[in-house]
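The structure under discussion appears below in the form of structure tokens.
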Number of protein chains: 2
Amino acid sequence: MNEEDFEKIHAPIIDLQYAPGELIYRQLEKAEHIYTLRKGFIKLLLSNIDGTQRIVRVIKQGDLFGMESLTENFYHHSAIALESVELCKIPSLEIGRLSETSPRLNRQLMKKWSEVLSESQTWFAQLNTGRADVRVARFLIRFSKEVNGVFESPLFKREDLGLMMDLKFETISRSLASLADQGLIGVPTRYAVRIPSLDALEKFCS
Amino acid sequence: MNEEDFEKIHAPIIDLQYAPGELIYRQLEKAEHIYTLRKGFIKLLLSNIDGTQRIVRVIKQGDLFGMESLTENFYHHSAIALESVELCKIPSLEIGRLSETSPRLNRQLMKKWSEVLSESQTWFAQLNTGRADVRVARFLIRFSKEVNGVFESPLFKREDLGLMMDLKFETISRSLASLADQGLIGVPTRYAVRIPSLDALEKFCS
DNA sequence: CGTTGGTTTGAAAGGACTCAAGAGGGGTGG
DNA sequence: CCACCCCTCTTGAGTCCTTTCAAACCAACG
């Protein structure tokens, strides 16, 4: 979506902020808005009928989420802030209307769907395969970012990390400790790790 | 997609058959066709860079697959026949062209994307969470079908089942045996199980 | 300075994996 | 049509890894 598209939206686009842990929308709730994330991280939590939960995706800055509001009338997951976040909320009816008249917007939406699907599948294939420390390592690589010359990765509550990789939070903690012992990562603080060498980490994964 | 849409497609729609184990398309191969499955089962296999593989979806009769050919120029997974299958192969350019002119077809494609994504996520959330026998049980429920009064579920090569649930094939075998011991399923043959009571199986999962 | 929520660490138990051997089934060739 | 072979599935025993339960630790906050 570009400026031009945004300008065509006459309905109110609302800017919002949420504190860590706050609920943005709930699974099965009526879906009438689509969101883009301006700042922070958000988890999409999927609850099964039997009560088990899994985090199926983490939303990063610039990502679109709640897209199911375009085609269904309820949300498929709960969206919860992992940190303090800023986002903007767009009525999906408006987008739907727009896309009917603009083939270009349409193609872009299609593309988005395909990207999200692909992302979601590699996410699972990588984070749910292999030993605990390898999963954690893959997570770190996936979220790593260069910040003034050094690579680092954000971390979240150990419990949340567990819900992403199907591990108990104690195991996450142990895996991080083990990676640190081997010198593959700096000593993890609560919400970030330093990664001396991405290559070494990648080698460790295979 | 309905009859009317099909009629609008002038390009050749090819009907094809594949034997069990045969490759329909390969991950990263140039994607120019979209497929619908007429008969049988197909696995979508995703290979990671480090060589690990996971089955991210099983295509059932009537399902659409290879949809990434609409928006990307390569396939995201390898599609491989699990049994002998019949499918039909449609040039994606044709569909793309059609959808530009038909808002209805467009909405339907959108809907499909959303369904596939949702399916893919519940798949993972269910089959990759909890103990081995529970995963297997959930698989059976998911694929169960009533055939003249009795519920049954197809089974695949144990190795493939393992790739779906992140378990070794020996573990799959043991879990099936254990479920049979508890009377929750009939003695598994190679490629099918009888399920005396779906309710009992469901209770077992939670 | 005590409380609280989250994290780390330890020891023991349980589950999945590995390696290995044996059984079953389908297909081929004699 | 039977014997054989090969592929797959099952089963067993031992090892390794993750979980469980518990206690200690830490940082933030009142």
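Computed over heavy atoms, backbone and side chain alike; hydrogens, waters and symmetry mates excluded. This structure is a prediction, so every number in the text was calculated from the model and none was measured. Residue numbers start from 1 in every chain, and the chains themselves are labelled A, B, ... in the order their sequence lines are given, proteins ahead of strands.
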- Message: Considering every strand and a 4.0 Å limit on heavy-atom distances, what is the contact class for A:Leu167: base, sugar-phosphate, or nothing?
- Response: sugar-phosphate
- Task: Looking at every strand, decide which applies to B:Arg190 at a 4.0 Å heavy-atom threshold: base, sugar-phosphate, or nothing.
- Result: base
- Compare side-chain N and O positions of B:Ser173 against OP1 and OP2 of D:dC9 and report whether any pair is under 4.0 Å apart. no
- Nearest-Å distance for atom pair CD/P, residues A:Glu159 and D:dT19: 12 Å
- Which part of the nucleic acid, if any, lies within contact of A:Arg174, taking any heavy atom under 4.0 Å across all strands shown: a base, the sugar-phosphate backbone alone, or nothing? base
- Tell me: CD of B:Glu170 to P of D:dC9, nearest whole Å? 11 Å
- Item | Separation of D:dC9 P from B:Lys168 NZ (nearest whole Å) | 15 Å
- Message: Counting the benzene-type ring for Trp, do A:His76 and A:Phe74 have ring centres under 6.0 Å apart?
- Response: yes
- Message: Whether the side chain of A:Arg158 engages the backbone of A:Arg190 through a donor-acceptor N/O pair (distance < 3.5 Å, no angle test) should be reported.
- Response: yes
- B:Ser84 side chain to B:Pro20 main-chain N or O, any donor-acceptor pair under 3.5 Å? no
- Name the nucleic acid region contacted by A:Asp166, choosing base, sugar-phosphate or nothing; use a 4.0 angstrom heavy-atom cut-off, strictly under. sugar-phosphate
- Item | For atom CD1 of B:Ile172 and atom P of D:dT10, their distance in whole Å | 10 Å
- Nearest whole angstrom, please: distance from the C1' of D:dT19 to the CZ of A:Arg131. 16 Å
- Query: Rounded to the Å, how far apart are B:Arg135 CZ and C:dC17 C1'?
  - Reply: 13 Å
- Query: Under 3.5 Å, side chain of B:Asn106 to main-chain N/O of B:Ser99, donor-acceptor pair present?
  - Reply: yes
- What integer distance in Å separates A:Phe169:CZ from D:dC25:P? 17 Å
- Task: Calculate the interatomic distance between B:Tyr191 atom OH and D:dT10 atom C1'; express it in whole Å.
- Result: 14 Å
